[in-house]
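Nothing here was measured: the structure is a model prediction, and the numbers come from that model.
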Amino acid sequence: MSLSRRGLFTLSGGIVSAVGLTACGIALTSPGGSTGALLPSRLPLPSPFATELPRLTPLRPDRDGRASITVARKAIEILPGRTTEIAGYDGLFPGPTIEAAKGEPLRLSLRNELDVPVVNHLHGGVTPAEHDGYPTDLVDPGQSREYRYPLDQRAATLWYHDHAMDLTGPNVYAGMAGAFVLRDPAEDDLGLPGGERDLTLVITDRSFGEDAELVYPVSEGVIEYRYHGGVLGDVMLVNGAPWPHLAVDAARYRLRILNACNARRLELALDGGSGQVAEIVQVGTDQGLLTRPHRRSTLTLAPAERADVVVDFAQHAVGSQVTLVNRLGDEAMGQVMRFDVARRARDDSRVPERLSTIEPIDPASVVTTRDFRLSLGATGGSTGHASHADAQGRSLAMWAVNGRPYEPGVDIARPRLGTVERWRFTTDVHHPVHAHLVHFQVEQDGAPAWKDTIDVGPTSRAEVLVPIEGYRGRYVLHCHNLEHEDRMMMADFSVV
Ligand code: C2O
Ligand code: CU
């Protein structure tokens with residue numbers, strides 16, 4: 001924890017190529033309902049629906065519950081016929097999908113073959129602090145370490161990604177993100193679609209330079225001021241492929257959708273052609289199954305949020321095309337991928353009306369209520385500055401929690417293990433708020449649901465109930481717009 005922030009800033013060059021852009025105003029909101037600025041690619045964008053959806057590579061622990069991954073650079077094909085160097089897990093983008101079972105501890109050893117330090121965090125995991133991926137708990141170049149995940153928690157679609165201090169944005173952008181599917185055999189009896197019809201979709205937006213390399217607006221280790229609100233790419237990738245297509249059976253599919261974008265919010269809908277909106281049946285959130293299915297026409301996902309949904313392609317004629325669209329995106333970014341209903345098929349799956357049991361928390365059990373204000377700059381502090389300048393006189397936005405930019409080792413809260421708290425978040429602009437270790441009980445569509453990231457809109461207030469469960473130790477809570485997180489919108493809390 002003795003690393004200074006400035007020291008860390010200088011480490012970031014080189015993972016992705018920098019683009020020279022003149023600093024101008026910071027983009028706090030974009031028309032698409034995201035906070036951030038669009039980073040234009042410098043090559044012709046690939047045509048939509050030309051590439052097949054890649055299957056994610058599964059990574060299953062061995063009999064002793066061990067698995068290993070290596071963080072490495074690799075030149076891969078993302079844009080048709082071009083190569084792009086990524087820095088990712090096992091040289092894949094997204095990383096391999098770790099498939100684990102509830103209650104079966106996993107020992108994940110991670111080897112860092114990059115020239116920058118990395119940190120691994122299992123997002124949504126209930127993990128002891130020393131294995132949780134605290135931002136300064138770095139795995140240096142050439143080093144390895146073992147992360148131990150007890151996985152004693154509800155089955156859910158989790159994900160893992162880099163969490164290095166100040167560098168999470170560029171590192172994740174360069175490729176350090178993957179899905180983590182935690183299954184519970186007890187859920188098999190529900191009859192939800194499985195096997196080939198249980199698909200994980202990792203959505204990321206990226207931008208490319210003329211040379212087809214990923215670009216990220218960082219110069220001399222400092223992100224361009226204009227992008228302090230967030231970096232929005234102009235190529236939509238699903239499982240690492242631009243606007244892919246997938247031939248599907250006329251049957252039900254379970255889609256585990258992860259918004260792994262740095263800053264882009266998505267409002268997803270299924271367009272069955274000629275304006276016909278297909279039904280999305282949501283069965284799960286960030287932290288596992290809902291109590292009962294919810295039929296909806298759109299699904300909003302802020303960065304780091306997940307949704308498990310079931311889509312019945314049998315409701316469409318064989319030969320028809322169903323497009324997953326993003327209602328918050330303009331032009332090309334308004335589309336995500338296309339499903340081509342290819343063939344009739346047998347389907348024994350179902351979506352039962354009772355999916356899981358979630359005991360609603362009695363608000364009377366709350367022992368402490370805490371307020372967290374997420375906003376640009378200090379509020380009511382001694383300086384009152386919304387930004388400050390670095391040594392070269394470049395201005396830097398300071399995103400803050402309760403007026404304080406992140407300072408490792410300083411707790412904003414010290415909740416007690418075994419108690420229940422109420423956390424209230426207020427915002428200036430959109431902030432997807434995420435806490436490590438603990439989960440949020442929210443009310444969604446009139447029923448309790450579990451989340452680890454909530455999408456808090458501009459000048460809004462959100463309230464969640466938080467059972468303080470798991471382990472004692474120091475964790476972080478932060479905004480999951482990664483450019484906000486890297487620009488200090490994070491705070492420590494210690495479970496005591
Ligand atoms: Cu998705 Cu602090 O992480
Ligand atoms: Cu934010």
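Contact between Pro467 and Ile361 at its shortest, heavy atoms only, is CG-CD1, 3.6 Å. The heavy-atom pair separating Arg82 from Glu210 by the smallest distance is NH2-O, 3.1 Å. The minimum heavy-atom distance linking Thr200 with Leu56 is given by the pair O-CD1, 3.6 Å.
When each of Thr369, Thr368, Asp371 is tested with Arg422 by the rule side chain to side chain donor-acceptor pair (under 3.5 Å), just one qualifies, namely Thr369. Here the rule is side-chain contact (heavy atoms from CB on, under 4.5 Å) with Val202, and of Asn239, Val238, Asn259, Ile257 only Asn239 fits it. For the ring-ring contact (aromatic ring centres under 6.0 Å, His included) with Tyr173, the lone residue among Phe208, Tyr227, Phe93, Tyr216 that qualifies is Tyr216. The only member of Phe372, Trp423, Tyr134 that meets ring-ring contact (aromatic ring centres under 6.0 Å, His included) when paired with Phe493 is Trp423.
In this structure, the side chain of Gln444 does not engage the main chain of Ala449 through any donor-acceptor pair within 3.5 Å. No donor-acceptor distance shorter than 3.5 angstrom exists from the side chain of Asn481 to the backbone of His431, with no hydrogens or angles considered. Side-chain atoms of Asn326 come within 3.5 Å of backbone atoms of Met333 as a donor-acceptor pair (strictly under, hydrogens ignored). In this structure, the side chain of Arg145 does not engage the main chain of Ser109 through any donor-acceptor pair within 3.5 Å. With hydrogens and angles disregarded, a donor-acceptor distance shorter than 3.5 Å links the side chain of Asn112 to the backbone of Val139. Checked by atom type and distance alone, the side chain of Arg42 never pairs as donor or acceptor with a backbone atom of Gly209 at under 3.5 Å. Formation of a donor-acceptor pair under 3.5 Å by the Thr419 side chain with backbone atoms of Val367 is not found in this model. Checking side-chain atoms of Asn402 against main-chain N and O of Arg404 turns up no donor-acceptor pair under 3.5 Å. Here the side chain of Ser460 pairs a donor or acceptor atom with the backbone of Pro458 at under 3.5 angstrom. Put simply, the side chain of His439 gets close to the backbone of Gly124: a donor and an acceptor are under 3.5 Å apart.
Salt bridge annotation for Glu146-Arg148: present, with a cationic side-chain nitrogen under 4.0 angstrom from a carboxylate oxygen. Salt-bridge check for Arg107 with Asp64: failed, with every basic side-chain N at 4.0 Å or more from each acidic carboxylate O. Using a 4.0 Å cut-off between a side-chain N of Lys or Arg and a carboxylate O of Asp or Glu, Lys451 and Glu305 qualify as a salt bridge.
Side-chain atoms of Asp132 and Tyr147 include no donor-acceptor pair closer than 3.5 Å.
The side-chain heavy atoms of Arg206 and Asn262, taken from C-beta on, include a pair separated by under 4.5 Å. Contact annotation: the side chain of Asp152 never approaches that of Val126 to less than 4.5 Å [non-hydrogen atoms, C-beta and beyond]. At least one side-chain heavy atom of Cys479 sits under 4.5 Å from a side-chain heavy atom of Pro432. Contact check for Met236 versus Ile203: side-chain heavy atoms found under the 4.5 Å cut-off. Side chains of Leu482 and Pro303 form no contact here, defined as non-hydrogen atoms less than 4.5 Å apart.
Ring geometry, Tyr89 versus Tyr160: the interplanar angle falls from 30° to 60°, so the pair is classed tilted. Relative ring orientation between Trp399 and His484 is described as parallel, the plane-to-plane angle staying below 30° on a 0-90° scale split at 30° and 60°. Between His478 and His163, the ring planes are perpendicular. Angles over 60° get that label, and only those under 30° would be called parallel.
If you look at His434 and Trp159, their ring centroids are not closer than 6.0 Å.
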Applying side-chain hydrogen bond (donor to acceptor under 3.5 Å, both in side chains) to Thr168 and His121, what does each step give before you reach the verdict? CA-CA 11 Å; Thr168 296; His121 172 58; over 6 Å; no
